[in-house]
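Below: the structure, in structure tokens.
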There are 4 protein chains.
Amino acid sequence: MRAAEIRGGWGLDNLVLAERPDPVAGPGQVLVRVGAVSLNYRDLLTVQGVYNPKQPLPLVPCSDGAGVVEAVGPGVRRVKPGDRVCSVFAQRWLAGAPTRDKIRSTLGGPLDGMLAERVVLSEEGVVRTPEHLSDEEAATLPCAAVTAWNALVTEGRVAAGETVLVQGTGGVSLFALQLAKLLGARVIATSSSDDKLARARELGADEGINYKDVPDWGARAKELTGGEGVDLVVEVGGAGTLQQSLRAVRIGGRVALIGNLAGTSAEVPLTLIFMQRVNVYGILVGDRESFEAMNRAIAAHRLRPVVDRVFPLDDTRAAFEHMAAGRHFGKIVIGL
Amino acid sequence: MRAAEIRGGWGLDNLVLAERPDPVAGPGQVLVRVGAVSLNYRDLLTVQGVYNPKQPLPLVPCSDGAGVVEAVGPGVRRVKPGDRVCSVFAQRWLAGAPTRDKIRSTLGGPLDGMLAERVVLSEEGVVRTPEHLSDEEAATLPCAAVTAWNALVTEGRVAAGETVLVQGTGGVSLFALQLAKLLGARVIATSSSDDKLARARELGADEGINYKDVPDWGARAKELTGGEGVDLVVEVGGAGTLQQSLRAVRIGGRVALIGNLAGTSAEVPLTLIFMQRVNVYGILVGDRESFEAMNRAIAAHRLRPVVDRVFPLDDTRAAFEHMAAGRHFGKIVIGL
Amino acid sequence: MRAAEIRGGWGLDNLVLAERPDPVAGPGQVLVRVGAVSLNYRDLLTVQGVYNPKQPLPLVPCSDGAGVVEAVGPGVRRVKPGDRVCSVFAQRWLAGAPTRDKIRSTLGGPLDGMLAERVVLSEEGVVRTPEHLSDEEAATLPCAAVTAWNALVTEGRVAAGETVLVQGTGGVSLFALQLAKLLGARVIATSSSDDKLARARELGADEGINYKDVPDWGARAKELTGGEGVDLVVEVGGAGTLQQSLRAVRIGGRVALIGNLAGTSAEVPLTLIFMQRVNVYGILVGDRESFEAMNRAIAAHRLRPVVDRVFPLDDTRAAFEHMAAGRHFGKIVIGL
Amino acid sequence: MRAAEIRGGWGLDNLVLAERPDPVAGPGQVLVRVGAVSLNYRDLLTVQGVYNPKQPLPLVPCSDGAGVVEAVGPGVRRVKPGDRVCSVFAQRWLAGAPTRDKIRSTLGGPLDGMLAERVVLSEEGVVRTPEHLSDEEAATLPCAAVTAWNALVTEGRVAAGETVLVQGTGGVSLFALQLAKLLGARVIATSSSDDKLARARELGADEGINYKDVPDWGARAKELTGGEGVDLVVEVGGAGTLQQSLRAVRIGGRVALIGNLAGTSAEVPLTLIFMQRVNVYGILVGDRESFEAMNRAIAAHRLRPVVDRVFPLDDTRAAFEHMAAGRHFGKIVIGL
């Protein structure tokens with residue numbers, strides 16, 4: 001079978017398709033025929049050697065995939081051959097609070113990832129795919145959608161009638177938009193593009209702010225809530241946007257802080273956090289139980305993830321370059 | 001101005017329309033011109049002398065009303081003349097945990113209630129009416145809707161994708177149905193009437209169970225969730241239904257226990273509570289902040305309460321008799 | 001090695017010591033040399049065939065034990081030979097919400113239990129023993145102490161300054177007493193014996209009520225809190241006591257409902273639940289993470305469990321008869 | 001009666017003792033004979049014109065005081081003459097979530113404060129003083145102790161066995177130390193002075209770190225928890241310390257962010273927040289109900305606040321200068 005590998009060194013030039021022997025499911029394991037894989041920014045950083053340069057090579061990249069169980073090893077109880085499943089981002093984070101051990105079990109580094117025709121995972125490390133989704137759609141869920149769900153539900157406890165602000169139109173933000181609507185919330189989306197804002201509205205956004213036109217978009221968001229401020233910001237920009245988010249949010253509000261692209265540290269107006277009694281909570285994807293709860297919501301509402309484009313396995317490099325270009329709207333997928 | 005009074009003794013024969021001097025708003029108080037009042041079962045029990053027979057008379061009944069602020073006393077900050085407002089069930093339960101003092105401040109006993117052309121309330125004891133609602137519709141909110149909201153949201157923390165079971169088609173149950181849908185939940189409704197189940201489906205119920213046809217409706221509800229059980233039961237029947245509710249609910253599920261009509265005590269299978277680790281929580285309407293949060297959701301979704309019938313003030317007795325007959329679907333309202 | 005087995009039928013006469021081959025740890029498993037086992041009422045009911053009469057035999061009874069890891073199978077990461085460990089009551093309930101699958105993995109039925117010189121468990125199904133405890137003491141923790149911890153902490157969220165009422169002087173109740181004191185709470189204990197109340201006071205109880213002398217002990221408990229009512233009742237009596245517990249508790253208070261000895265159903269004054277907005281939550285021991293959190297508290301405070309008496313393995317029958325007699329104060333242990 | 005006033009301009013030179021007519025309690029108000037006032041850093045910043053320079057003058061400073069009710073106005077229910085009371089920091093934040101309106105009702109600006117022989121407050125704006133405390137001790141509670149309580153309990157949900165890190169030996173930090181011990185937590189204290197660390201140990205601290213000797217004290221704190229990290233940091237330093245706090249905290253841990261002295265913004269390593277899934281929540285004192293809950297704990301444990309020094313009213317300036325010098329250990333009080 002074929003697998004993509006980072007081999008010999010970091011960088012896209014070292015991301016190659018290799019032939020590997022078909023893996024075999026041991027006790028408590030399942031063999032999955034992968035149908036599709038989705039890319040996250042973390043995967044790009046990994047290939048580039050930015051995310052964790054000490055990671056031993058070769059490495060199969062990508063945490064997120066969906067496919068069909070082909071075989072199960074001895075003692076497997078949770079799934080059976082023929083079941084359609086998605087991978088769980090952190091294979092040992094099944095439930096409860098995160099721990100070092102749990103969060104060091106992520107696919108696509110340190111564990112080999114999903115960008116292979118067949119993979120073997122622990123039976124504990126997969127969830128059932130919602131029936132109405134194709135593998136291409138389901139492959140988008142493990143990282144981006146679970147992150148959005150935990151930002152909004154498990155930690156954010158969004159209730160109907162609250163206002164949620166989402167930033168940009170990347171994978172997490174679009175899932176946050178769609179899931180917030182399922183929860184009955186009002187959504188304000190920001191983008192640098194009026195076209196993307198128009199598409200965000202089609203997905204359910206109630207308001208859009210073009211942050212190129214309105215650099216002080218935090219104040220604008222506050223106006224859009226009658227001066228009170230939004231209840232929750234799904235903060236994905238980090239260094240570049242947290243100041244504005246803290247202007248947008250209401251007293252007693254929440255900011256879900258998600259892996260920031262723009263840098264590892266930021267000048268933060270701490271006064272706005274304590275004088276407004278804001279709760280800023282980091283989100284690191286989430287556990288398997290939250291994935292399963294989200295899938296129930298996705299299935300009940302027949303929510304469809306936004307797939308920007310599907311690349312064939314042979315064009316894996318092009319898929320990563322498409323992500324690096326940053327012009328996508330929704331998720332980039334590789335079909336196997 | 002005219003006010004309905006229970007005078008001289010209990011019973012519908014002692015519920016009379018009386019002429020009273022117009023009240024005046026003192027410091028921190030507001031004068032409300034009442035536009036409509038809704039009835040709750042508690043109001044009927046009060047008139048009948050069943051609810052709190054030690055209550056001194058005369059008493060103006062009914063906790064729930066909506067109208068317009070006509071005047072405000074010195075120092076009032078929260079509202080101004082012309083504002084449309086609803087009454088708060090427990091006038092001193094503004095926020096936080098319930099206490100004896102807070103829950104002894106209910107309108108319609110011990111405090112004079114809303115069934116009068118004009119009433120004076122503390123400025124703290126009113127909330128703004130959602131704009132899209134008439135007074136007849138808004139008058140249904142203070143008790144039944146706030147009860148449903150707290151059962152589902154504040155205490156129940158229902159998330160999208162969960163399944164909620166509502167019993168019958170009374171005021172609380174229909175609000176629970178409508179609000180659960182706003183929250184993204186799936187709803188199973190029960191009734192003794194296929195006609196009412198059909199109407200419940202029109203309001204959004206996903207499934208209906210006629211409990212006359214299916215006496216073991218708890219087991220049926222469990223089947224409808226793939227054998228897992230429902231996440232939350234809004235239990236309004238009490239003695240007659242709690243056993244079935246405990247069969248319907250999933251392991252780790254919740255039962256919101258709301259004022260039961262059928263008796264003050266019941267034979268309860270305690271084993272089902274601890275062996276299934278179920279949480280059974282009483283709901284006693286709720287605080288003003290939960291009312292305001294609910295109104296944001298109602299306004300955002302332009303939810304319309306189900307009004308069974310509007311009676312004129314002169315037909316107050318007929319309105320109470322209509323409630324006693326128990327054939328209504330939704331809320332009974334008196335227009336003033 | 002020797003193991004106690006229920007063999008051929010239910011009843012103490014069928015509880016025998018058998019010779020079994022030494023078990024071997026497979027992949028992901030650990031071999032534990034058991035040092036001590038504690039008895040729970042559930043174990044007695046199991047032997048009597050009352051708890052789950054459909055359970056296949058033979059069965060090794062008892063969920064709770066402590067010992068030393070002698071060997072580990074391939075791939076084990078969490079423990080190593082020489083580690084002192086306790087068993088986890090439900091072997092697959094590691095964290096998160098309970099599910100059918102999780103709670104059907106309990107030791108001592110359906111799975112073989114701890115009353116054997118050597119047992120093999122999943123590496124996930126053990127926790128480290130607090131260093132200051134002997135095996136006899138540590139063996140008391142898995143069921144009774146974890147139940148008390150979850151009643152008070154995970155679900156009960158007891159804070160310093162709150163008042164907790166514990167009933168009687170069985171294993172759960174004494175742990176609830178001791179743990180509530182660690183949390184800074186005030187404790188009211190009930191018992192039918194002044195001697196036992198005196199011993200409860202030595203363990204930290206602030207007040208004692210002899211319920212034989214004061215049958216309306218709920219009212220007495222309310223008086224002891226200045227008329228407000230206690231914040232939390234750890235309810236272990238069930239049918240016989242829940243009415244009084246609902247009189248003792250404050251408005252907005254909590255009742256943790258734990259496996260009741262006195263019957264499977266009870267006449268419950270539902271009005272007291274919803275008119276006082278009480279939260280009645282079932283407790284079914286708890287997950288492994290709660291066990292580990294509790295052990296941190298037990299270790300930090302060097303809390304010592306109350307051991308009533310230690311029997312040798314040869315006197316297993318006498319140990320069960322001692323439990324059936326019901327005169328113990330604290331936990332009954334079998335040393336191996 | 002005499003009152004301290006900031007009059008004519010900002011700065012200590014403009015803080016003068018003035019003679020004012022005795023105030024009178026109106027409807028719903030209470031007249032309090034102030035026995036003692038405590039200083040917070042906010043009060044110093046207010047006098048200096050740094051905190052809110054747009055505040056109209058004259059202003060009576062200081063939010064925190066304790067005394068005796070001398071008289072009550074019409075309709076007062078909560079207290080009576082002779083009751084000993086403390087002031088509530090935000091007079092309209094009685095319960096529930098913070099709002100703009102609630103947090104704009106703080107004493108010592110915008111409302112006149114407690115540094116006067118007699119003050120009139122809303123009956124809602126006082127709480128009962130724990131009996132075992134003198135006015136000098138009780139005056140320390142409204143701001144610093146309530147802040148610590150909410151950091152630890154309402155938001156922090158500290159349980160026995162957890163580890164809490166407190167910074168320095170100011171008012172909030174010492175209360176956090178003392179209250180964390182009541183809750184059964186282990187406490188690590190930091191200071192630049194070994195003498196102060198020794199005194200912190202006398203108050204119950206389990207470990208001390210001199211951050212002058214150990215600049216990378218975050219790593220040291222992590223070592224002291226076996227490499228896992230502390231469960232909760234009570235962060236009072238802000239810009240200067242948040243980086244170290246984020247190194248000290250465990251994965252999934254909490255940082256309570258309290259008014260920072262060292263600047264209004266800081267370079268924050270956001271990666272440490274989301275990669276460790278840390279919750280950073282601002283604390284802004286808290287509501288009246290949390291004050292009352294804390295007082296129950298303080299009374300039950302007869303906790304005594306740490307009073308650094310008591311100044312007479314005539315030495316008010318010296319008291320403020322003592323605070324500005326920053327060498328105090330515990331709270332600075334002015335006795336009236």
Side-chain angles (χ1 to χ4, degrees), chain B residues 23-30 72-80 83 88-106 110-112 120-128 146 149-150 153-155 157 284-297, chain D residues 23-30 72-80 83 88-106 110-112 120-128 146 149-150 153-155 157 284-297:
Chain B
V24 177
Q29 292 181 322
V30 297
V72 301
V76 165
R77 299 172 307 107
R78 296 185 73 244
V79 287
K80 59 181 190 310
D83 286 348
V88 173
F89 176 71
Q91 291 277 298
R92 290 197 294 271
W93 191 6
L94 308 181
T99 62
R100 274 192 299 180
D101 180 62
K102 290 176 178 178
I103 67 176
R104 285 178 182 171
S105 64
T106 47
L111 307 183
D112 265 340
V120 162
L121 302 172
S122 163
E123 68 159 329
E124 303 289 350
V126 296
V127 300
R128 299 296 184 89
V146 173
W149 178 264
N150 281 288
V153 178
T154 318
E155 302 299 315
R157 298 192 177 288
L284 188 61
V285 190
D287 63 357
R288 189 185 75 199
E289 286 190 0
S290 65
F291 196 166
E292 292 169 327
M294 178 189 75
N295 279 356
R296 282 192 287 275
Chain D
V24 176
Q29 292 181 323
V30 297
V72 300
V76 165
R77 298 173 306 109
R78 295 185 72 243
V79 287
K80 60 182 188 309
D83 285 348
V88 173
F89 176 71
Q91 290 277 297
R92 290 197 293 271
W93 191 5
L94 308 181
T99 63
R100 275 192 299 181
D101 180 63
K102 290 177 179 177
I103 67 176
R104 285 178 181 170
S105 63
T106 47
L111 306 183
D112 265 341
V120 161
L121 301 172
S122 164
E123 68 161 327
E124 303 289 350
V126 296
V127 301
R128 300 295 184 88
V146 173
W149 178 264
N150 281 288
V153 178
T154 318
E155 302 299 316
R157 297 191 177 289
L284 187 62
V285 191
D287 62 358
R288 188 186 75 199
E289 286 190 1
S290 66
F291 196 165
E292 292 170 327
M294 178 189 75
N295 278 356
R296 280 192 288 274

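Sequence lines set the chain letters: A, B, ... in the order given, protein chains first and strands last, and positions in each chain run from 1.
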Look only at the side chain of [X] and the backbone of [Y], and say whether a donor-acceptor pair between them is shorter than 3.5 Å.
{"X": "K102(B)", "Y": "A95(B)", "answer": "yes"}
{"X": "Q29(D)", "Y": "G73(D)", "answer": "no"}
{"X": "R104(B)", "Y": "P110(B)", "answer": "no"}
{"X": "R78(D)", "Y": "V126(D)", "answer": "yes"}

Engaged part of R77(D) at the chain B interface, taking heavy atoms whose separation is under 4.5 Å: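 Looking at R77(D), just its side chain touches chain B.
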Proximity breakdown for D101(D) and chain B, heavy-atom pairs closer than 4.5 Å: side chain
Under 4.5 Å from any heavy atom of chain D - which part of R288(B):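 When you check distances to chain D, no heavy atom of R288(B) falls under 4.5 Å.
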Heavy-atom pair count under 4.5 Å with chain D, highest-scoring of G26(B), A97(B), G75(B), G28(B):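 Result: the option with the highest number of such pairs is A97(B).
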